[in-house]
Amino acid sequence: MLQEQRTDDLTAHPATVPWGSLLEGLRVPLPPSAVAVMAGIGYTPPHDLPLARSYERAFGFLAALGFHCESFCSDDPHVALDALQRQWDLMARRWKVQPVFSVYPVRVPGEQEETLLPVELAELDATGVLVRSVAGSTRVTRTEFLAARREVHGYAAPLPSMRAILAPHRMDITHLRRSAVAREIGRMRHAADGITLIERFLAGRPTTTDVGRYRARMRRALLGPGGNLTGYRDLLARELADAGWTRAALLLCRSAELHGHFLAGDDPALAEIVRTERAAFAEVST
Amino acid sequence: MTAELAARWPQPYRRGSHCASTMLANAVADTPLEMPEELCFVVGGGHGFLYHREDDLHYVNSRMHDLELFFAQRTSMSLDVVCHGSLDRALDRARGWLTDGWLTYAYCEAQELETFRSVVPWEDVHAFGEHVLPIRRVLADGSVECHDYLWQEPLTVDRESLDRAMSMPADGAVSLAAPAHRYGVGRIVPPAEPPDLDQVIPLAIRHNMDIFLQPVNHTQGVQGLKGFERDLAVLPDRLPVDAVAVELRSLFTTLEKIGSGGGAGRLLFSRGLAQAARRLGSAPLTDAARSYRDLGGAWRRLAHRALDRSAAADPRDDWDALVEEVRRLRAAETTAARELLTAAQTHVGTAA
């Protein structure tokens, strides 16, 4: 079940894309499965969560790497762009500019409407900024950037650690991956945007239509080009197995299968996913 | 078991030594995550050191990071923080969140609040980080009823003071600091299910010591201490006498007066470690708590000597003694952090 060859197909998860250039540029030897787990592949919420929460997740990703994160989030796009420009200049003065994380409306192939996705912002200058997402790269002008419809506007800028800059090969990747997967499981288990989201959804006795709508939402939120949802659960399973939590890994593999069933139209599989993942959490001390 | 928080800040508000850890202790009061301020300080990674020199300004802080953000990460909480283009928009958001029953707070600069005018000699301190102000109620005239860590009873901050404080007028005073949270408002979202604090606490300590011993850059942790010691050694050669006195007074105020409970935050941290040691039944953590209590005393003595020097006819006299004191402190800090890292590791067990 833990098929190594599937990993490459999954690096295009919307949540992992914004971190690709950063990690590649620093030569941090982190496998894609670990990046996916650290970037927070947890749960698709049945309803929209506050967008500010995305920047908190970015903070968590960078903290898990031993980096620092300077994030900013405003209701005013002009304020956010001014702050981004300051942060950009600051990064250049401190060391060098790194791509920053943001959330931006992107047109995903096959979708009618734009979808808010995690993106990487790079090459900010007087004319505009490069926006890179699972759907590809596009350069937008400052005017377009300011006009993009979002509940809040912001960024999360990384401050890489000296170790990552000077000697990335000396980073303790095994420890880092183990810590990260335990933290992610802890978050999926305990946080308000964890498994409770699905449990509450099911407790509300959703109609077949509600469940169908949720299925479509799950597809839309997680299925970027080249990716597949069951595979993402497999990634989590692989990280758990590598960290020594074999029983939890097997349960997550089962959950991956159940995700496949659910996406194929099997409504009761959703409740079974919850039970299976709860059982997996109990196997991991966080 | 859920970890639901109260819909309003408790009254009387539990007083404390540091704004953010006091706010967090009040937020989790009477919930399954209940812990005293000192333990919140530990879980939030309150131990640190930051030193940054910019021209003639020597900026020292006894912490390294935003405590509330790390606390939230480690306890599976969420903090939704949004800045705004104006005070009115910030107040609208605060009003909405309060109406919906969220514990809400504002980011501001403490020196702009009337309540703090007489508490800290602001003219003797370089601009520093942000202050959190838990909000109880937004009043019709744009003033707010709020709490602060030194007072049990709610305070009212008028609109004009609040506007000034939330506009972050010192933003940019330290050119290498990130943009401040202008008109920033936050709300605390509790975890759906409380994590096991017996696992959270050692993990938090271990992470805190990791980033102190292997800091993100030269301004923080042991590297920051090294830079501070190095620059302190040549400070009298670089600055005129009156400027040296200013730097010494600022050092005293940041180590002893501002949001650290004194002793560069080590006394507060030590009490938190002692609470963690009792909770976990840990002799090594008890020993670590003693070490940090001693370090707190040493930082306190250093701060007072700096203040005494600042009033001397020539504060540069016998300067080497001051530098030697910092050198000893740096060595003791490094040893204590390594020992604490080992102590925390023994409690992490099978957790990551």
Side-chain angles (χ1 to χ4, degrees), chain A residues 50-53 55-56 59-60 63-64 66-76 78-80 82-84 86-87 90 93-95 152 154 157 159-165 175 177-183 186-187 189-197 199-200 243-245 284-286, chain B residues 2-3 45 64-66 69-70 72-86 89-90 92-93 171-172 175-187 189-196 199-200 203 206-207 210-211 214-220 223 348-352:
Chain A
L51 199 51
R53 203 87 38 100
Y55 297 100
E56 193 191 37
F59 178 97
F67 293 8
H68 193 42
C69 171
E70 290 175 338
S71 64
F72 189 90
C73 190
S74 174
D75 73 333
D76 185 326
H78 296 273
V79 170
D82 284 350
L84 177 63
R86 271 183 62 189
Q87 188 75 40
L90 198 54
R93 285 207 307 277
R94 285 169 173 165
W95 178 47
V152 289
L159 269 80
S161 65
M162 284 192 295
R163 174 153 291 186
I165 293 168
H175 166 68
R177 287 172 69 182
R178 190 176 160 83
S179 298
V181 72
R183 195 176 297 117
R187 186 128 199 123
R189 178 178 182 175
H190 300 293
D193 53 5
I195 198 166
T196 307
L197 284 173
E199 287 173 331
R200 287 190 179 155
W245 286 301
V284 182
S285 57
T286 56
Chain B
T2 67
M64 301 185 288
H65 301 298
D66 294 328
L69 300 182
F70 276 92
Q73 286 287 323
R74 290 164 182 160
T75 55
S76 297
M77 276 186 176
S78 285
L79 297 181
D80 294 334
V81 178
V82 182
C83 298
H84 299 82
S86 69
R89 296 228 289 269
D92 281 347
R93 187 171 303 267
D171 186 16
S175 75
L176 286 186
H181 288 108
R182 276 191 99 209
Y183 298 115
V185 181
R187 68 171 165 183
V189 181
E193 189 181 302
D196 181 354
Q199 295 191 12
V200 167
L203 283 169
R206 187 179 73 178
H207 187 229
D210 268 341
I211 57 178
Q214 288 182 30
V216 80
N217 61 33
H218 286 291
T219 68
Q220 299 184 6
Q223 295 293 334
V348 170
T350 55

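Protein chains get the first letters and strands the later ones, always in sequence-line order, with residue 1 at the start of each.
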Notebook entry, point to check: Checking heavy atoms, do the side chain of A/Ala243, its backbone, both or neither come under 4.5 Å from chain B?
Noted result: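 Neither part.
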
Next item on the list: Answer with side chain, backbone, both or neither: which region of A/Arg187 has an atom nearer than 4.5 Å to a non-hydrogen atom of chain B?
Entry: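 Looking at A/Arg187, backbone and side chain both touch chain B.
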
Notebook entry, point to check: So which of B/Gln220, B/His218, B/His181 has the largest heavy-atom pair count under 4.5 angstrom toward chain A?
Noted result: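 Top option by heavy-atom pairs under 4.5 Å: B/His218.
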
Next item on the list: Name the option with the most non-hydrogen atom pairs under 4.5 Å to chain A; the candidates are B/Thr75, B/Ile211, B/Leu69, B/Asp210.
Entry: B/Leu69

What part of [X] gets closer than 4.5 Å to chain A, counting heavy atoms only: side chain, backbone, both or neither?
X: B/Ser175; result: both
X: B/Ala72; result: both
X: B/Val82; result: both
X: B/Arg93; result: side chain

Taking every non-hydrogen atom, the tightest pair across [X] and [Y]:
X: A/Phe72; Y: B/Ala180; value: CE1-O, 3.3 Å
X: A/Pro50; Y: B/Asp80; value: CG-OD2, 3.8 Å
X: A/Ala192; Y: B/Pro190; value: CB-O, 3.6 Å
X: B/Leu79; Y: A/Glu56; value: N-OE2, 2.6 Å
X: B/Ser76; Y: A/Gly186; value: OG-O, 3.7 Å
X: A/Arg53; Y: B/Ser78; value: CD-OG, 3.3 Å

Next item on the list: Could you check B/Arg182, B/Arg89, B/His84 and say which one makes a side-chain hydrogen bond (donor to acceptor under 3.5 Å, both in side chains) with A/Asp76?
Entry: B/Arg89

Notebook entry, point to check: Excluding sequence neighbours, so at least two apart, what forms ring pair (Phe, Tyr, Trp, His ring centres under 6.0 Å) with B/His207?
Noted result: B/Phe70

Margin query: So, using ring pair (Phe, Tyr, Trp, His ring centres under 6.0 Å) as the criterion, who are the partners of A/Tyr55 when residues are at least two apart?
Written below: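 Only A/Phe101 meet the ring pair (Phe, Tyr, Trp, His ring centres under 6.0 Å) criterion with A/Tyr55.
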
Notebook entry, point to check: Do side-chain atoms of A/Arg94 reach the backbone of B/Leu176 as a donor and acceptor pair under 3.5 angstrom?
Noted result: yes

